[in-house]
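Everything on this sheet refers to the single structure shown next.
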There are 2 protein chains.
Amino acid sequence: MKLSTKGRYAVTAMMDIALHEKVGPVTLADISQCQGISLSYLEQLFSKLRRNGLVQGVRGPGGGYRLAKPASEISVADIIDAVDEKMDLTKCGGKGNCDGGSKCLTHKLWYDLTCDLHRFLSGITLDQYLNRPHINELVKKQDEQYGRFINRRTAA
Amino acid sequence: MKLSTKGRYAVTAMMDIALHEKVGPVTLADISQCQGISLSYLEQLFSKLRRNGLVQGVRGPGGGYRLAKPASEISVADIIDAVDEKMDLTKCGGKGNCDGGSKCLTHKLWYDLTCDLHRFLSGITLDQYLNRPHINELVKKQDEQYGRFINRRTAA
DNA sequence: TTAAATACTTAGTAAATCAGTCAGGAATAG
DNA sequence: CTATTCCTGACTGATTTACTAAGTATTTAA
């Protein structure tokens, strides 16, 4: 479990997609412009998100990315785990090769802590932050500002 | 809110101190040896922990570091905030300089999320992970293994 | 069928951060 | 005085970040 701006970028981008799920696939170019993230960097992140089964790419004009699962089944922990390499729990991750050492004691305490943290973030799914009052109006207003989805029909 | 190995080092070291609070000040040399962290790196981390009022340094022979507050009043969030620079919330941290922009929408969602996370980690204090059955026996056993505190009387 | 739009991939890079070394100064117990 | 410890600052190689560049593959629309 590691939390950096990289993870923030990924979560933010995923939220953007989830917000526009109904309109259709979301292009990285749009996310890049609206969220202020470099396009190529997004491509790298989405390569990982795709390999981890969180998003689904649609090629060709009118394409983009959509969620591979319902927003209610994608947790923040999923996204961060996909994008940020987990940090090494100092070699002795329960393998017992430092039995009884003082290392393993406090390392275990840290391990317990990160387990709690991971459980917490696993309980937070994308939809929890999207299904809020007034969000939809805001999204619509702001899409107009950026001129998103002006020539696209609403998808099923 | 940012979480890296740096934060892990700090939390682990703080746990080590909390575990030996009753014996007296804990030297960085001991922590370095037992937790496998470089001494000079620890010194840098503790410089920040001290400036943030989490630990108190005691100079001279028999010195070391002790907690500046009861373990029940030091949260994991405190430690991580002290050691890891908070990551920039992309310039528009509520300053209103990107009013109504699509940026601020998803940024706000991210902001809400990190607030929840911070609240979660603020609720986890050092003592919660220390006051557990069998921990004290383990600590004693492992201190003997590393030869810690062999010539030191128990502090008040 | 062609052109454009998009996902996808690989390679490279400047800057930042990490984790550490080194060298020394300041306080204090014995 | 001397050994021990905190404390500070400067420096460094390795890694990671965040990004650029340049392409390939696939699909839609004209």
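Labels below follow one simple rule: chain letters A, B, ... track the order of the sequence lines, proteins then strands, and each chain is numbered from 1. Everything numeric in this text was worked out from a predicted model, so none of it was measured.
- Atom CG in Leu49(A) sits roughly 14 Å away from atom C1' in dC8(C) (whole-Å rounding).
- With respect to the salt-bridge test (charged N to carboxylate O, under 4.0 angstrom), the residues Lys140(B) and Asp143(B) do not qualify.
- Look at CZ on Arg59(B): it is 5 Å from C1' on dA27(C), rounded to the nearest Å.
- To the nearest angstrom, C1' of dA7(C) lies 14 Å from CG of Asp30(A).
- Rounded to whole angstrom, the span from the CG atom of Leu45(B) across to the C1' atom of dC6(D) amounts to 15 Å.
- The side-chain heavy atoms of Arg148(A) and Val26(A), taken from C-beta on, include a pair separated by under 4.5 Å.
- Residues Gly7(A) and Gly60(A) each lie close to DNA chain D; by heavy-atom proximity, the contact nearer the 5' end of the strand is made by Gly7(A).
- The heavy-atom pair separating Leu105(B) from Ile135(A) by the smallest distance is CD1-CD1, 3.9 Å.
- Side-chain N/O atoms of Tyr65(A) include none lying less than 4.0 angstrom from OP1 or OP2 on dT6(C).
- Residue contacts shown for Phe46(B) are absent, as no nucleic acid heavy atom lies under 4.0 Å away.
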Distances under 3.5 Å only, N/O to N/O: pair up the protein atoms with those of nucleotides 14-18 of chain C.
unit_1, atom_1, unit_2, atom_2, d
dC18(C), OP2, Lys6(B), NZ, 3.0

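- Straight-line distance from the CD atom of Gln56(A) to the C1' atom of dA7(C): 12 Å, rounded to whole Å.
- Across the protein-nucleic acid pair, Leu42(B) atom CG and dC6(D) atom P stand 10 Å apart, rounded to whole Å.
- Between Leu39(A) atom CG and dT9(C) atom P the separation is 15 Å, expressed in whole Å.
- dT6(C) atom C1' lies 13 Å from atom CD1 of Ile31(A), rounded to whole Å.
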Distances under 3.5 Å between nitrogen or oxygen atoms of protein and nucleotides 9-12 of chain D:
none

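- For the residue pair Gln44(A) and Ser47(A), no side-chain donor N or O sits within less than 3.5 Å of a side-chain acceptor on the partner.
- OP1 or OP2 of dC8(C) has at least one side-chain nitrogen or oxygen of Arg50(A) nearer than 4.0 Å.
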